[in-house]
Amino acid sequence: QVRLVESGGGLVQPGVSLRLSCAASGLTFITNTMGWFRQAPGKEREFVGSSAIIYNYADSVKGRFTISRDNAKNTVYLQMNSLKPEEPAVYYCAARSGLSSVVVKDPGRWAYWGQGTQVTVSS
């Protein structure tokens, strides 16, 4: 079975950085697009970014968040810098088969999901 396991969440102050990790198993990592989503209380799950042939980011995080992937470790990372108070959420790792330049932001079109890791931003 496909498993995606997120880690690295926690309590941070506004303006600091945090790196999330997502370890994947049960899939061919190098031929899957990997993505990050987040969901704040009372809000819909939203696209943060994804990595495939090209890397894509939501406008709200461009310049602050960076996705990277280590194919040897089947792991994708989300480096989050300058976190804002309005960005506490559960962050989810997701995967979909294939590599494409087309950006897919609809959560319903992603095949696999991790359980999420909580990020709390507080001063």
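Only this structure's heavy atoms are used, side chains among them; waters, hydrogens and symmetry mates stay out.
- For Ser97, there are no side chain to side chain donor-acceptor pair (under 3.5 Å) partners two or more places apart in sequence or in a different chain.
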Next item on the list: Please assess Leu27 against Leu4 for the test side-chain contact (heavy atoms from CB on, under 4.5 Å), listing each intermediate value before the final yes or no.
Entry: CA-CA 10 Å; Leu27 55 77; Leu4 304 177; 4.3 Å; yes

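- Rounding to the nearest 0.5 Å gives a distance of 7.5 Å between CD1 of Ile53 and OG1 of Thr33.
- Here CG of Asn71 is found 11.5 Å from OG1 of Thr28. Values are rounded to the nearest 0.5 Å.
- Once rounded to the nearest 0.5 Å, the distance linking CG of Leu78 with CE of Met34 reads 12.0 Å.
- If you run side chain to side chain contact (heavy atoms under 4.5 Å, CB included) between Ser50 and each of Trp110, Phe37, Tyr55, only Trp110 comes through.
- Taking Gln39 as the reference, Arg45 meet the side chain to side chain donor-acceptor pair (under 3.5 Å) condition, with sequence neighbours excluded.
- Cluster membership for Val16 and Val121, using ILVMFWY side-chain heavy atoms within less than 4.5 angstrom, is shared.
- Within 6.0 Å of CD in Glu86 there are more than 12 heavy atoms belonging to other residues, nucleotides or ligands.
- Residues satisfying the side chain to side chain donor-acceptor pair (under 3.5 Å) test with Glu87, not counting sequence neighbours, are Arg38, Arg64.
- Both Trp113 and Phe47 are assigned to one and the same hydrophobic cluster, defined by single-linkage of ILVMFWY side chains at heavy-atom distances under 4.5 Å.
- Judged by distance alone, with hydrogens and angles left aside, the side-chain atoms of Glu6 form a donor-acceptor pair with the main-chain N or O of Cys93 at under 3.5 Å.
- Listed by first and then second residue, the salt bridge (Lys or Arg N to Asp or Glu O under 4.0 Å) pairs that reach into residues 88-100 come to none, sequence neighbours excluded.
- A search for side chain to side chain contact (heavy atoms under 4.5 Å, CB included) contacts involving Ala111 returns nothing, not counting sequence neighbours.
- Using a 4.5 Å heavy-atom cutoff, the side chains of Trp36 and Phe65 are not in contact.
- When the side chains of ILVMFWY residues are joined at heavy-atom separations under 4.5 Å, either directly or via intervening members, Ile54 and Leu99 end up in a single hydrophobic cluster.
- Put simply, Tyr77 and Val90 are part of two different groups of oily side chains (I, L, V, M, F, W, Y) that touch within less than 4.5 Å, one to the next.
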Next item on the list: Decide yes or no on side-chain contact (heavy atoms from CB on, under 4.5 Å) for Tyr92 and Val48, but give the supporting numbers first.
Entry: CA-CA 9 Å; Tyr92 296 92; Val48 173; over 6 Å; no

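- Residues Ile67 and Leu20 share a hydrophobic cluster, clusters being chains of Ile/Leu/Val/Met/Phe/Trp/Tyr side chains in contact below 4.5 Å.
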Next item on the list: Test Lys73 against Phe29 for side-chain contact (heavy atoms from CB on, under 4.5 Å), laying out the working first.
Entry: CA-CA 9 Å; Lys73 296 181 178 180; Phe29 187 77; over 6 Å; no

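- A donor-acceptor pair under 3.5 Å is formed between the side chain of Arg69 and the backbone N or O of Ser51.
- In this structure, the side chain to side chain contact (heavy atoms under 4.5 Å, CB included) partners of Thr66, at least two apart in sequence or on a different chain, are Tyr57, Gln79.
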